[in-house]
Amino acid sequence: MTITTRILSVSVEVTDQDKALAFYRDVLGCEVRTDVEIWPGARLVEVSPPGSSVVIALLTRGSGLPIGVRYITDDAEEAHRALTAAGVTPHQQVLHTDFAPPMFTFDDPDGNTIILLQDSDSDSDSRETRDR
């Protein structure tokens, strides 16, 4: 099984999201892809260069949102099992929420956080399998 299929986004830790957004948008010329409050105090701001499929998430440490590289996988549950079998210790079981695809986090050997999200096209297939 190939665990990752593509990079979705890379997080950059910022202290002031409005200031960072102004820089990335007005100075670097990035497009704003997302600017939403996931829950109180957790604002997700994503920008990208025009035409890029990879976005940059501008996150504060205090938001509680994981800061790291976000990869896409076809099946989060299977990826979790495969990584665990390979000796990786995920931070949690696969998270299933109403606002995001199934996901979980873990660290690479140097302590960098990796966020693995299930491809949204695969989400309904996996949910049907899980609910049987």
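The shown structure was predicted, so the numbers you read here are calculated from the model rather than taken from an experiment.
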Going by distance alone, is a donor N or O of one side chain under 3.5 Å from an acceptor N or O of the other, for Glu13 and Thr60? no

What are the two closest non-hydrogen atoms of Gly51 and Glu31, and how far apart are they? N-OE1, 4.4 Å

From CG (Leu95) to NE2 (His91), nearest 0.5 Å: 11.5 Å

Would Phe23 end up clustered with Val47 when hydrophobic side chains under 4.5 Å apart are linked, directly or stepwise? yes

With no hydrogens and no angle check, just 3.5 Å: does a side-chain donor-acceptor pair link His80 and Asp75? no

Distance-minimising heavy-atom pair for Ser11 and Pro66: OG-O, 3.7 Å

Is the closest side-chain donor-acceptor distance between Ser63 and Arg43 under 3.5 Å? no

Which pair of non-hydrogen atoms, one from Ala79 and one from Leu116, has the smallest distance, and what is that distance? CB-CD2, 3.7 Å

Could you tell me whether a side-chain N or O of Asp108 sits under 3.5 Å from a main-chain N or O of Asp110, the two making a donor and an acceptor? yes

So, do Thr73 and Thr4 sit near enough that their side-chain heavy atoms are less than 4.5 Å apart? no

Could you measure the distance from the CD1 atom of Ile72 to the OG atom of Ser120? Nearest 0.5 Å is fine. 7.0 Å

Quick one: are Tyr71 and Ile115 in side-chain contact, heavy atoms under 4.5 Å? no

Is there a path of hydrophobic side-chain contacts, each under 4.5 Å between heavy atoms of I/L/V/M/F/W/Y residues, joining Leu117 to Val55? no

CG of Asp107 to OG1 of Thr113, rounded to nearest 0.5 Å, is 4.5 Å

Using every non-hydrogen atom in the two residues, find where Val54 and Ser9 come nearest and quote the distance to one decimal. CG1-CA, 4.2 Å

Are the side chains of Leu59 and Leu44 in contact, using a 4.5 Å heavy-atom criterion? yes

Is Tyr24 close to Val12 at the side-chain level, that is, under 4.5 Å between some pair of heavy atoms? yes

Identify the heavy atoms of Gly29 and Pro50 that sit nearest to each other, and give their distance. O-CD, 3.6 Å

Flag side-chain contact, heavy atom, 4.5 Å: Val45 against Thr34: no

Same cluster or not: Val36 versus Val32, using hydrophobic residues (I, L, V, M, F, W, Y) connected whenever any side-chain heavy atoms lie under 4.5 Å apart? no

Taking the side chain as every heavy atom from C-beta outward, state whether Leu8 and Arg6 have any pair of such atoms under 4.5 Å apart. yes

Tell me the closest heavy-atom pair linking Val14 and Leu58, and the distance in Å. CG2-C, 4.1 Å

Would you mind reporting whether Cys30 and Pro49 have side-chain heavy atoms less than 4.5 Å apart? yes

Sub-4.5 Å side-chain heavy-atom contact between Thr105 and Ile114: no

Find out if a path of hydrophobic residues (ILVMFWY) with successive side-chain heavy-atom gaps under 4.5 Å connects Ile67 to Ile56. no

Between Glu78 (side chain only) and Ala82 (backbone N and O only), is there a donor and an acceptor less than 3.5 Å apart? no

Classify the side-chain pair His96/Glu77 by whether it contains a donor and acceptor separated by less than 3.5 Å. yes

Transitive ILVMFWY side-chain link Met103 to Leu83, under 4.5 Å: no

Kindly say whether Pro102 contributes a backbone atom to a donor-acceptor pair with the side chain of Gln118 at under 3.5 angstrom? no

